[in-house]
Amino acid sequence: MGIPQKVTCISGSLLHPSLWNQWYTWPYGGSLRGDAVSTSTYSSPAKSLGDPGITPLSPSHIVKDSDAEDAVEQLFLVVVAIDFGTTSSGYAYSFTKEPECIHVMRRWEGGDPGVSNQKTPTTILLTPERKFHSFGYAARDFYHDLDPNESKHWLYFEKFKMKLHTTGNLTMETDLTAANGKKVKALEIFAYALQFFKEQALKELSDQAGSDFENTEVRWVITVPAIWKQPAKQFMRQAAYKAGMATPENPEQLIIALEPEAASIYCRKLRLHQMIDLSSRAPVNGYSPSDTIGTGFTQAKEHVRRNRQSRTFLVENVIGEIWSELEEGDRYIVVDSGGGTVDMTVHQIRLPEGHLKELYKATGGPYGSLGVDYEFEKLLCKIFGEDFIEQFKIKRPAAWVDLMIAFESRKRAAAPDRTNPLNITLPFSFIDYYKKFRGHSVEHALRKSNVDFVKWSSQGMLRMSPDAMNALFKPTIDQIVQHLSDVFEKPEVTNVKFLFLVGGFAESPLLQQAVQGAFGSRCRVIIPQDVGLTILKGAVLFGLDPAVIKVRRSPLTYGVGVLNRFVEGKHPPEKLLVKDGTRWCTDVFDKFISADQSVALGETVTRSYTPAKPSQLVIVINIYSSEQDNVSFITESGVKKCGTLRLDLTGTDASVPNRREIKTLMQFGDTEIKAMAIDVATSKSVKVGIDFLNY
């Protein structure tokens with residue numbers, strides 16, 4: 001973008017070039033030297049977004065060179081994807097020379113009756129000295145076997161991923177609380193967990209290759225919920241750096257993938273025998289549609305169980321039959337229902353390559369299967385008293401874990417048409433501790449409580465009626481259905497052809513029935529077989545071909561702070577800065593991109609600025625973000641600083657032009673955002689990654 005010889009336009013006002021010989025400050029809670037003044041001569045098409053009080057500068061789009069990207073792709077011999085879940089986690093991999101074969105990790109030692117152990121629980125155990133001890137089943141079983149007096153010194157963590165979603169002001173210093181009440185830095189726990197997966201995967205790859213596999217030969221993919229805010233996504237990347245998966249100098253080795261996008265990529269490959277269509281009106285294999293929900297899924301699970309021994313899934317390099325029914329512009333929705341969160345994204349198909357375009361920004365909330373666990377805990381509090389349950393969790397943490405494991409396997413047996421009761425074993429220490437705490441038996445408590453649908457069995461079990469179990473699911477499932485109903489009301493979500501239900505919670509027949517009942521008349525509800533591994537396998541495919549996602553919606557508005565010419569009646573008087581007879585408006589938010597705006601993967605938006613004083617040798621450009629799309633000033637509530645470009649021009653040629661042009665570029669579309677400033681006269685440049693954790 002060139003700068004005119006005679007006049008320079010600043011936000012629609014004319015400024016004589018001689019004014020550039022003045023010195024101006026840019027007050028952001030104190031004077032920063034070397035701030036930028038906008039020098040674009042273009043009016044903006046962005047006024048349709050709502051005029052925020054200044055004329056935004058027009059973006060010039062530069063598409064990233066795809067050949068350069070391909071060159072990077074070839075460096076990795078294998079892609080390893082880690083599905084880091086709230087309740088369970090796992091990894092899968094594929095060699096870049098055999099992209100059609102996805103290998104799911106080795107079977108885990110341990111496991112629970114009635115629960116598939118294709119993944120391992122997201123649990124971690126540290127020694128009393130705070131050193132890593134074990135992860136998954138090994139951590140849980142070791143902790144369970146410790147003497148109660150000894151176990152209170154060990155640090156046991158479970159379901160800790162939700163902390164990243166629920167913490168409003170997440171930083172590198174955020175703590176997690178262990179079962180014994182002690183606190184540890186969240187970054188350490190996440191890094192330990194990722195390091196565990198890294199070592200497991202490299203060992204498996206080395207065993208398969210017959211020689212040591214180097215970390216540099218691996219491209220890593222870590223999945224995160226699409227509804228996570230930017231700080232949480234960045235936190236995961238920082239934890240991966242700490243675990244040694246990649247480095248800030250080589251960020252391309254690690255991709256942070258959005259869970260529903262990964263699921264969407266895998267669903268494109270589905271053949272008819274690899275899914276259950278809940279919308280089938282005709283009887284399937286002799287079963288009516290109502291039978292199909294339960295029975296079809298059981299058959300699918302059996303088919304998967306038989307195929308599991310190989311742990312290798314073949315992904316045909318074609319578009320699946322379901323996909324072949326989709327035409328250019330068709331829309332579908334992916335509902336990723338996991339342990340902690342439910343994520344929903346709306347995608348549109350772009351032919352002929354079948355690239356994906358995000359039509360509506362990811363939505364959802366904390367409506368995962370953990371909600372059912374919370375309802376069970378509330379039920380226990382109602383029967384035995386909240387004071388007792390709180391004390392029991394603190395005094396007998398390992399026994400509490402046992403009780404929740406017992407509940408988990410019965411939870412998975414809940415179904416709409418179940419008639420026989422579900423028995424949940426109470427640990428002996430629960431019965432014993434209750435007697436000491438209250439002075440009467442568990443059986444007495446159940447008789448005294450008003451909860452008539454939970455009985456005591458003489459074998460030491462809580463006996464729940466199917467209706468009682470289904471009632472524990474209802475609040476969580478109602479929230480999912482309500483949220484989906486709200487999404488279906490949006491104009492971008494009209495004419496949706498398919499709804500893909502994926503994630504671990506999608507295995508629940510109760511959730512399947514509720515979604516089919518509410519939305520089966522609007523679109524076809526499809527569940528991939530082995531639904532709990534959909535995201536994992538999709539994440540591998542994404543790592544093999546990151547360019548498959550073409551267009552995303554920006555979750556935030558991004559811009560930089562600039563000085564603009566003060567306009568009476570338009571700019572607030574408190575923003576007026578008079579310097580050498582020139583009236584400036586300070587703190588102006590110069591927008592690069594708006595929240596919810598479509599952004600092509602790798603798209604770069606460029607703006608041109610000029611230093612406030614031609615002779616200055618340090619130029620500072622501050623980058624800001626906001627969840628609002630209509631932002632005028634960087635001082636508005638919700639605007640956060642997320643990056644600083646500091647361009648040092650010391651030692652550059654003194655013969656540069658008076659009106660020095662500083663080009664500022666921001667590259668969007670990936671889950672990471674990069675910014676760059678270039679001094680056009682000398683080609684000197686500086687880069688920065690947008691940082692949501694350290695400002």
Side-chain angles (χ1 to χ4, degrees), residues 73-85 88-112 115-125 131-142 190-223 239-247 250 252-255 257 262 266 304-315 317 530 532-545:
E73 297 288 319
Q74 302 311 313
L75 298 178
F76 305 106
L77 297 179
V78 67
V79 169
V80 179
I82 298 169
D83 180 4
F84 195 123
S88 61
S89 298
Y91 68 87
Y93 59 93
S94 177
F95 294 97
T96 48
K97 290 207 165 94
E98 295 180 295
E100 67 285 350
C101 290
I102 298 175
H103 310 270
V104 177
M105 65 204 174
R106 293 170 174 162
R107 297 284 297 262
W108 296 94
E109 296 305 314
D112 303 319
V115 179
S116 151
N117 62 344
Q118 193 69 44
K119 289 190 192 173
T120 193
T122 309
T123 53
I124 196 164
L125 184 64
K131 295 279 183 275
F132 176 79
H133 179 271
S134 47
F135 186 91
Y137 287 115
R140 208 184 64 189
D141 296 345
F142 185 93
F190 279 85
Y192 276 142
L194 291 173
Q195 191 172 356
F196 169 80
F197 279 114
K198 183 186 96 169
E199 287 168 4
Q200 292 285 319
L202 287 175
K203 186 173 188 310
E204 183 171 340
L205 290 167
S206 298
D207 290 350
Q208 199 158 331
S211 59
D212 280 355
F213 223 90
E214 296 296 326
N215 186 62
T216 51
E217 298 170 310
V218 180
R219 164 170 265 169
W220 299 96
V221 182
I222 300 172
T223 63
Y241 289 161
K242 191 172 170 67
M245 288 177 159
T247 62
N250 185 23
E252 288 76 18
Q253 191 177 357
L254 170 68
I255 295 174
Y266 180 67
V304 165
R305 205 171 282 122
R306 285 198 297 270
N307 287 347
R308 267 217 183 114
Q309 301 311 312
S310 68
R311 296 183 304 106
T312 300
F313 294 83
L314 286 175
V315 180
N317 195 21
D530 216 7
L533 296 177
T534 304
I535 290 157
L536 196 47
K537 292 187 272 191
V540 173
L541 294 172
F542 186 38
L544 291 166
D545 180 18

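Worth saying up front: this structure is predicted, and the values here are computed from it rather than measured.
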To the nearest 0.5 Å, how far apart are [atom1] in [X] and [atom2] in [Y]?
| X | Y | atom1 | atom2 | answer |
| --- | --- | --- | --- | --- |
| Thr247 | Glu252 | OG1 | CD | 9.5 Å |
| Tyr93 | Leu77 | OH | CG | 13.5 Å |
| Ile102 | Leu541 | CD1 | CG | 4.0 Å |
| Asp212 | Asp207 | CG | CG | 9.5 Å |

Is any side-chain heavy atom of [Y] closer than 4.5 Å to one of [X]?
| X | Y | answer |
| --- | --- | --- |
| Glu204 | Tyr91 | yes |
| Leu544 | Val540 | yes |
| Ile82 | Met245 | yes |
| Lys119 | Leu533 | yes |
| Phe213 | Val78 | yes |
| Leu205 | Val80 | yes |

If you compare all heavy atoms of [X] against all heavy atoms of [Y], which two are closest, and at what distance to 0.1 Å?
| X | Y | answer |
| --- | --- | --- |
| Gly244 | Asn215 | O-ND2, 3.1 Å |
| Tyr266 | Lys537 | OH-NZ, 3.4 Å |
| Tyr137 | Thr120 | N-OG1, 3.2 Å |
| Pro121 | Arg140 | CG-NH1, 3.8 Å |
| Val221 | Ala257 | CG1-CB, 3.7 Å |
| Val104 | Ala92 | CA-CB, 4.1 Å |

Counting distance only, does the side-chain N/O of [X] pair as donor-acceptor with the main-chain N or O of [Y] below 3.5 Å?
| X | Y | result |
| --- | --- | --- |
| Ser88 | Thr122 | no |
| Thr96 | Phe76 | yes |
| Ser94 | Val79 | no |
| Gln253 | Val218 | yes |

Checklist entry - So Phe95 and His103, would you call those rings parallel, tilted or perpendicular, with 30° and 60° as cut-offs? => result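 The rings of Phe95 and His103 stand perpendicular, inter-plane angle above 60°.
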Checklist entry - Can you say whether the rings of Phe190 and Phe84 are parallel (under 30°), tilted (30 to 60°) or perpendicular (over 60°)? => result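 Ring orientation, 0 to 90° scale: parallel.
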Next on the checklist: Centroid separation under 6.0 Å, is that true for the rings of Tyr192 and Phe135?
Outcome noted: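 Here the rings of Tyr192 and Phe135 have centres that are no less than 6.0 Å from each other.
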